Amino acid sequence: DAHRNALNAHCYWLLRKDGRAGDAATHALVGLSTAGKNQLLFDRGINFNDLPSWQKRGSGLYWEAYDKEGLNPITGQKSVTSRRRIRRNTDLPMKEAYSSFIASFLEARQEG
């Protein structure tokens with residue numbers, strides 16, 4: 001869905017940049033095939049396939065666990081603790097790999 005929506009959005013905003021009103025840009029894309037949308041962009045110097053993946057599939061934000069080394073102030077001993085941080089992923093997988101990617105989060109949530 002993200003890939004299809006990105007293609008539509010690139011075409012829509014290209015038409016808007018060319019001076020078309022919102023309704024006219026939307027109407028111009030109705031019924032236009034994927035190949036037709038790619039050609040619309042290509043005719044204006046944009047190869048959709050060459051765009052960065054985050055522009056075609058979006059990006060993901062999610063929690064990631066990591067180990068943080070610290071120092072116990074009382075004993076002076078080094079210690080390692082688990083922390084979380086938000087990770088931004090700009091290269092999300094596609095198709096079945098994406099389903100597996102999401103399933104791994106659901107499985108981790110059930111375990112945790």
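Please read these numbers as outputs of a predicted model, since none were measured by experiment.
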Participant: Tell me, please, which residues at least two apart from R84 pass salt bridge (charged side-chain N to carboxylate O under 4.0 Å, His left out).
Facilitator: none
Participant: For the residue pair R44 and D18, establish whether any side-chain heavy-atom pair is separated by less than 4.5 Å.
Facilitator: yes
Participant: Taking S53 for the side chain and T90 for the main chain, is one N or O donor matched with an acceptor at less than 3.5 Å?
Facilitator: yes
Participant: Less than 4.5 Å apart, any side-chain heavy atom of L40 and any of L29?
Facilitator: yes
Participant: Restricting to pairs with a member in residues 71-80, which pass salt bridge (charged side-chain N to carboxylate O under 4.0 Å, His left out), not counting sequence neighbours?
Facilitator: E69-K78
Participant: Please identify each residue that fulfils side-chain hydrogen bond (donor to acceptor under 3.5 Å, both in side chains) with E64, with sequence neighbours left out.
Facilitator: R85
Participant: Measuring from atom CG of L7 to atom CG of L41, what distance do you get when rounded to the nearest 0.5 angstrom?
Facilitator: 6.0 Å
Participant: Atom OG in S59, atom CZ in R87: separation rounded to 0.5 Å?
Facilitator: 11.5 Å
Participant: Take atom CG of D23 as the centre, draw a 6.0 Å sphere, and report whether it contains more than 12 heavy atoms from other residues, nucleotides or ligands.
Facilitator: no
Participant: Using a strict cut-off of less than 4.0 Å between a Lys/Arg side-chain nitrogen and an Asp/Glu carboxylate oxygen, indicate whether D67 and R83 qualify as a salt bridge.
Facilitator: no
Participant: Do L51 and L92 sit in one hydrophobic cluster, given that two such residues count as connected whenever their side-chain heavy atoms are within less than 4.5 Å of each other, even indirectly?
Facilitator: no
Participant: For the hydrophobic clusters of this structure (ILVMFWY residues joined by side-chain heavy atoms under 4.5 Å, transitively), does one cluster hold both M94 and W54?
Facilitator: no
Participant: For residues N72 and S79, is any side-chain donor paired with an opposing acceptor at under 3.5 Å?
Facilitator: no
Participant: Could you tabulate the donor-acceptor pairs under 3.5 Å formed by side-chain atoms of residues 8-16, not counting sequence neighbours?
Facilitator:
from	atom 1	to	atom 2	distance (Å)
N8	OD1	K37	NZ	2.4
N8	ND2	R4	O	3.4
H10	ND1	A6	O	3.0
Y12	OH	R16	NH1	3.0
R16	NE	R20	O	2.9

Participant: What's the separation between atom NE2 in H27 and atom CG in L32, rounded to the nearest 0.5 Å?
Facilitator: 11.5 Å
Participant: F42: which residues meet the ring pair (Phe, Tyr, Trp, His ring centres under 6.0 Å) condition with it, sequence neighbours left out?
Facilitator: none
Participant: Pairs in or reaching into residues 82-105: which pass ring-ring contact (aromatic ring centres under 6.0 Å, His included), with residues at least two apart or in two chains?
Facilitator: Y62-F101, Y62-F105, F101-F105
